[in-house]
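Okay, structure first, notes after.
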Protein chains: 2
Amino acid sequence: MNIGEIARRAGVSRSTVSYALSGKRPVSDETRRKIQDVIDELGYRPNASARALANGRTSTIGLVFPPAGNHYTGMQLDFIGSVVEAAAVHDYDVLLSPSGVDSDRSFQRLLGERRVDGAILMEIRLQDDRVDHMAELGFPFVTIGRTAHPEHGWWVGLDHTALAAACVHHLADLGHRKVAFVNRPEQLLRAGYESAHRGLDGFTKAAAERGLTVRTYCCGDDASSGQACVAQILHDDPATTALVTLNEAALGGLYRGLALAGRHVPRDFSVTGVVAARWAETVTPQLTAADVPAEALGRRAVDLLIERLDHPDAAARHHLLAPPISLRASTGPAA
Amino acid sequence: MNIGEIARRAGVSRSTVSYALSGKRPVSDETRRKIQDVIDELGYRPNASARALANGRTSTIGLVFPPAGNHYTGMQLDFIGSVVEAAAVHDYDVLLSPSGVDSDRSFQRLLGERRVDGAILMEIRLQDDRVDHMAELGFPFVTIGRTAHPEHGWWVGLDHTALAAACVHHLADLGHRKVAFVNRPEQLLRAGYESAHRGLDGFTKAAAERGLTVRTYCCGDDASSGQACVAQILHDDPATTALVTLNEAALGGLYRGLALAGRHVPRDFSVTGVVAARWAETVTPQLTAADVPAEALGRRAVDLLIERLDHPDAAARHHLLAPPISLRASTGPAA
DNA sequence: TTGAAAGCGGTACCAT
DNA sequence: ATGGTACCGCTTTCAA
């Protein structure tokens, strides 16, 4: 069932059907009705590939995220959900690309074969070849997170530096003097992940400011790594009374490690960090944390991208969010 | 940069370039090399829309899941990840469609506009209009889960009936006599979600077989609902000593509710259910559960779909998985 | 207000 | 082994 068939049955030309559909040219009521009747009867919908070929737009956006090896964090996944739903509102579909670097086949397909009109990149690294590549090509994109040189201008992000610092100040205000930092896996830190780096920076600087004694750790993205990490922390310095974490997936394990070590949260150990609200609320006691607004970030990324697609010459824009710390139940005065 | 440009620069015809690329017709080494040089120099890649239009295949599969209102469960999200990665292995891209019913705009686009070659449907309902619609259209699809009449034949699924029953038997063997069932939200049960229904069935029948006293509950997909649900359970029958749950997202809240009520797991209350391993391991004590093999299910769904796409006349196939219960630390003898 | 026809960028059949 | 060309289904310019 193609546009020619509709035209024939309605007794008009193909162009008239096209215009009746797009509204880009006036069509008499009479004609429009005839066409619509045929369309309704046959359940016709224009072929997306043909349309994309003809007008150069696919009405699809790409969402690029690293292949996490069936190890996605809740936050990443919240992004995906919010991006898809925000895109649907604008009648865009979302094509997923599990690509960590610009040489990945899926990434090449996305850009080279023009499968999408634009892209949203997640899990940005401070030096990110995907970003460089897209910027060089003039391909429209928005990043969730920003590189060391966010000159490309189109991004939404979290102020990890400020958030980690806020956690430190919160703990320092409560009288904690020996604080540990539980980061994402070492491999990600080494790869230059933005959140891991800026979070670590913010933590380190704020701790220095407040004269705290600190140790920093990398931790695998799973519960058992979290458990092991806490064991290590308490082994390295049993006098540690609090920790700050960016590692949502390890959270349950961190709690378990503390329980095993006989530390009661928050009575004799405080835990805080940067975690999406729904995950912060699954642990007991509920985590006092800077809530990652994954939903808002995803939605804003889509809005920015669509703005960029609609106005190719618009000035670059960005949103840097720094949500406040939600006081829940996992922090208390130093013992 | 299109195929004509490549042809001109290489001094050959467009068809020769096309054949050099596809290998569907012999091309002399000499010519092939000339063409390849030009392609490498210009970084040419064939346009996906044009290719899709010409040969009727998009090399894209659709992944259809209900819009969860930024409320995806870990399991759903694990599916998405595994489907995307499995598809990438076969050089297919994945288009996400947040559609709960066949009248959703995104769903209509997927099918009507032929944006994808086939689709994978998640979160199947016993009566599912999306399935009916696709079957009627002869559109290639595979479901994760199955309807009440899985005659369409192409699906992968979990034997929720058997899994819930296994949980009951496990608890009964431990001597529990009063057991509660914590299901997905009532709204999903009413909508006919397969897992909620079959799980409830399996639980109810097995409990009857073992002569247990049971109560069944629906519970929102979040921690606070879980907490409230436990409060209700203990209010309704304080002598309850165990529960079985399908509700992964509520798990943290269930544990919290028990702790608040002064019940120690597993000493005086046992918890078990059907939950993906990585989530079962985030709670303390770790959950004894039938581990949902989300990764395997996603991968198999992709494999089946691709088989169906490659062999349109192949006989329908399916995989029904029933993973064993992983004994962890959340169940014990009845008090 | 409507129609005819030239693309969009590939593929594949028919020739040579 | 290679070239010419019709065609995939839709959009849009040009004409009437």
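Source: prediction; values computed, not measured. The basis for the numbers below is simple: all heavy atoms, side chains too, and nothing from hydrogens, waters or symmetry mates. Reminder, nothing fancy here: chain letters follow the sequence lines and each chain counts from 1.
In plain terms, the two heavy atoms of B:Thr58 and B:Arg115 that are nearest each other are OG1-O, 3.5 Å. Closest non-hydrogen pair, B:Pro293 versus B:Leu321, comes out as CG-CD1, 4.0 Å.
Residue A:Arg51 contributes atom CZ, which lies 17 Å from atom C1' of C:dG7 at whole-angstrom precision. Remark: C1' of D:dT12 and CG of A:Leu21 are 14 Å apart, rounded to the nearest angstrom. Atom C1' of nucleotide D:dG9 and atom CZ of A:Arg8 are separated by 13 Å, given to the nearest angstrom. Look at CZ on B:Arg115: it is 13 Å from P on D:dC10, rounded to the nearest Å. Nucleotide D:dC10 holds its P atom 13 Å from the CD1 atom of A:Ile35, rounded to whole Å. Atom CZ in B:Arg33 sits roughly 16 Å away from atom P in D:dA1 (whole-Å rounding). With rounding to whole Å, B:Glu5 atom CD is found 11 Å from C:dG9 atom P. Whole-Å rounding puts the A:Glu30 CD to C:dT2 P distance at 9 Å.
Looking at which nucleotide of DNA chain D each of B:Leu53 and B:Asp29 is closest to, the 5′-most match is held by B:Asp29.
The shortest distance between the side-chain N/O atoms of A:Ser28 and the OP1/OP2 oxygens of C:dT1 is not below 4.0 Å. Between D:dT5 and B:Ser15, no contact under 4.0 Å exists linking OP1 or OP2 to a side-chain N or O. Proximity of A:Asn2 to the phosphate of D:dG9: a side-chain N or O atom is located under 4.0 Å from OP1 or OP2. Between A:Lys24 and D:dT12 there is a side-chain polar atom (N or O) within less than 4.0 angstrom of OP1 or OP2. Look at A:Arg25 and you won't find any side-chain N or O under 4.0 angstrom from OP1 or OP2 of D:dT12. OP1 or OP2 of C:dA4 has not a single side-chain nitrogen or oxygen of A:Tyr19 nearer than 4.0 Å. Applying the 4.0 Å criterion to OP1 and OP2 of D:dC8, one finds that A:Ser49 has every side-chain N and O outside that range.
More than 12 non-hydrogen atoms from other residues, nucleotides or ligands lie less than 6.0 angstrom from CG of B:Asp91. When the shell of 6.0 Å around CZ of A:Arg32 is examined, it contains more than 12 heavy atoms from other residues, nucleotides or ligands. Counting non-hydrogen atoms of other residues, nucleotides and ligands closer than 6.0 Å to CZ of A:Arg105 gives a total of 12 or fewer.
B:His318 and B:Trp155 have parallel rings, their planes meeting at less than 30° on a 0 to 90° scale where 60° marks the start of perpendicular.
When each of D:dG9, C:dG3, C:dC13 is scored by its nearest atom to the side-chain atoms of A:Asn47, the top-ranked nucleotide is D:dG9. The side chain of B:Thr16 sits closest to D:dT2 out of D:dT11, C:dG10, D:dT2. Proximity note for A:Ser13 (side chain, C-beta onward) versus D:dG3, C:dC8, C:dG3: the nearest is C:dG3. In this structure, the nucleotide among D:dT5, D:dG3, D:dC10 sitting nearest to the side chain of B:Arg14 is D:dT5. Each of D:dT12, C:dT2, D:dG9 was ranked by its minimum atom distance to the side chain of A:Ala54; first place goes to D:dG9.
Residue A:Val17 is out of contact with every strand shown, counting any heavy-atom pair closer than 4.0 Å. Counting non-hydrogen atoms under 4.0 angstrom, A:Ser18 reaches a base of the nucleic acid.
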